[in-house]
*Asks:* 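Below is one structure. I have some questions about it.
First the proteins, then the strands, lettered A, B, ... as listed; each starts at 1. Predicted, not measured: the structure shown is a model, and the values here were computed from it.
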Amino acid sequence: MPRRYADIYPSLPLLSSDEMEHVSAASLMSVRYFQAEPDSMPEEVFSEHHVLLNLCDTPHRVQNRRDGTMRDFDFHKHEIVVTPAGVRSGWRWFGKSDVIVVTLAPDRVEAFAQRELGMVLDRQQLVDLPQFSDPDLCSAGVMLRDALENDDLTSAVMFEAMSRVFLVKLLKRYGQQRPEDLALSASFTSDHFHRVLGFIRSNLDRTITLDDLAREAGISPSHFGRLFKDTVGDTPMQYVLAYRIEQAIEMMKDNKRQLGDIALACGFADQAHFSRSFKQVIGQTPRQFRSG
Amino acid sequence: MNKIALTAAASLMASTAAIAQVETRTLTFENEGAQLSGTLYLPEGHDGSVLPIVVVTGAWTSVEEQMPSVYAKEMVGRGFAAFTFDFRGWGKSGDLPGHVRYAESPAAKTSDIRAAFEFVATLPEVDASQINGLGICASAGYMVDAVAGNDTVNRIGLVAPWLQNEHLVETVYGGSEGVAGLINLSRAAEAAGGQIIPASGPEGAEGVLMPIGGYYYDADRGAVPAYDNKWNNAGWEGWLTYHPADNGARLTHPLAIVHSETAAIPDGVRAFLSGFAGEATLQMLEDVTQFDFYDNPEDVTRAADTIATHFKS
């Protein structure tokens, strides 16, 4: 009986996304962060894909037994080990670890890859590329970890976007892409996404244009728009609207706060623009929503 | 974060993915010596290729940030560029001759729409062979007159058109005595250099053009900061003697109308169409009020679908 990784970790994760129930990218992954003293994990067969991202500055010795084969190697910063679901795997590490672990539900990842990226993801592809170095993907993982750590600062819409950044960057490792598309995608790193999402958060109450965001990312507006949509699933301005509505809903919990004030605080031109946008997205006016 | 928030997040993003977003640019153009302020609407991330365009105009007393903006965005979502503007004497645009403001002048507004068509034809983002006009409420009559005989324009659409004739004017404005009284008021106001009253007020208010609350009075709807909320009594005569329902025969362009029996004077549409000999599409929706057409998302969507389909024919 394949087990879940959470069942047998020798130490508790410092942070975990398990408490979150959601759909789309964030729903098919769990994110955990460990700084664990030397220890081991017994061999088991697991039902989830396991992505191990090494953040530790100092290379340290680790052993990974996989389907009967033992690998003893030095684990370097930014190295990533992928263990597909169904593989019998066990670990032993000899130095203090500093890792982010992302586990993925196989069926849902395959559905996501097919529906969102138009790619067929086969388990064998994961088997064939078990380890690689990718500072950008680690950076995406750090973005998720930090989002979990700063729970009170993170919006669910932003977390979903960050989850998609991570997942899309991971999956594109396994897809067939034209070299020029690969180069373009690679030029738009997790750090760029992080800056863009940060800009949106910092400028919530102001007009945000595509040019503003492209400037923050350091690429042309047309390339930025396409890359953002390919990764996040929304165009930049559609995403900004989702974030504005989400934050407005949060502010509306304070029943004493006027809708007009909330509209301006969330960057809507006026209360009517807010009311109409809200109804388009949510299906009710803010007033109806508040009284419901 | 809690579970509901995260589930809602993905739903929010899926919902917004269905709503096209626009980029806007403020532009100015001239008519009869005055400068008009307008807005060009393009799809988010537009690559600069030419697009068919719709010039969108709004109701009496309105500014471009009201129903014109709503429909402009809908048109962009359906593959067009769009252009809105403030008429002379309103919003951010210059004055009518004699420094007159807030007077509802059919002749001036019709002339402004013609100037807007000529202006958009010069824009690099616009396919000058595919210029369309969309008139909402009172501007429907002005739009018809601006399009009639105008080779620059391809097709015309009207939403919730206010199309009156002499009979309907008397029916709405208190009979021949009521109309005569308003015309006298108009002349007195003109002689006095203008007399400004609020355009909108709560139900039953006095000294207000529209004492009915609703769209123009509600901050959630049309009472946006840009709205002048003013009416110049000097405009009554021009308005009351304007009979666009009689002008169907002037128009030869393909026409689509979306209206409702529940909206303003549907008889005006019938009168207009009885004189129109060209190609017409009429969609009469049920239980959609005049104000619903201005901003209610479901009704706006249906009206915009019909109009956009017509413009693409």
*Asks:* Heavy-atom pairs under 4.5 Å with chain B - which of A269(A), G260(A), P236(A) has more of them than the others?
*Replies:* P236(A)

*Asks:* Nearest 0.5 Å, what's the OG1-CG distance between T16(B) and D234(A)?
*Replies:* 3.5 Å

*Asks:* Please indicate whether Y217(B) has more than 12 foreign heavy atoms, meaning atoms of other residues, nucleotides or ligands, lying under 6.0 Å from its OH.
*Replies:* no

*Asks:* Go through the atoms of T209(A) and report whether side chain, backbone, both or neither lie under 4.5 Å from a heavy atom of chain B.
*Replies:* neither

*Asks:* Can you name the nearest heavy-atom pair linking A17(B) to G233(A), along with the distance?
*Replies:* CB-O, 4.2 Å

*Asks:* Determine, stepwise, if the pair V232(A) / M13(B) fulfils side chain to side chain contact (heavy atoms under 4.5 Å, CB included).
*Replies:* CA-CA 9 Å; V232(A) 173; M13(B) 286 168 72; 3.6 Å; yes

*Asks:* Chain A heavy atoms under 4.5 Å from A20(B): which part of the residue, side chain, backbone, both or neither?
*Replies:* backbone

*Asks:* Which heavy-atom pair separates V157(A) from A9(B) by the least distance, and what is that distance?
*Replies:* N-CB, 3.6 Å

*Asks:* Do you know which of I19(B), T24(B), D220(B), V70(B) has the most heavy-atom pairs with chain A at a distance under 4.5 angstrom?
*Replies:* D220(B)

*Asks:* Among residues 210-226 of chain A, which ones touch chain B with a heavy-atom distance under 4.5 Å?
*Replies:* L210(A)

*Asks:* Based on non-hydrogen pairs under 4.5 Å, which of A223(B), A219(B), S15(B) is most in contact with chain A?
*Replies:* A219(B)

*Asks:* Considering heavy atoms only, which positions within residues 290-302 of chain B lie below 4.5 Å of chain A?
*Replies:* D295(B), N296(B), P297(B), E298(B), V300(B)

*Asks:* Taking heavy atoms only and a threshold strictly under 4.5 Å, list by residue number the residues of residues 273-284 of chain A that touch chain B; give 'none' if the list is empty.
*Replies:* H273(A), S275(A), R276(A), K279(A), Q280(A), V281(A), I282(A)

*Asks:* For the pair Q21(B) (side chain) and Q238(A) (backbone), establish whether a donor and an acceptor sit closer than 3.5 Å, ignoring hydrogens and angles.
*Replies:* no

*Asks:* Using a 4.5 Å heavy-atom cutoff, which residues in residues 45-57 of chain B come close to chain A?
*Replies:* G45(B)

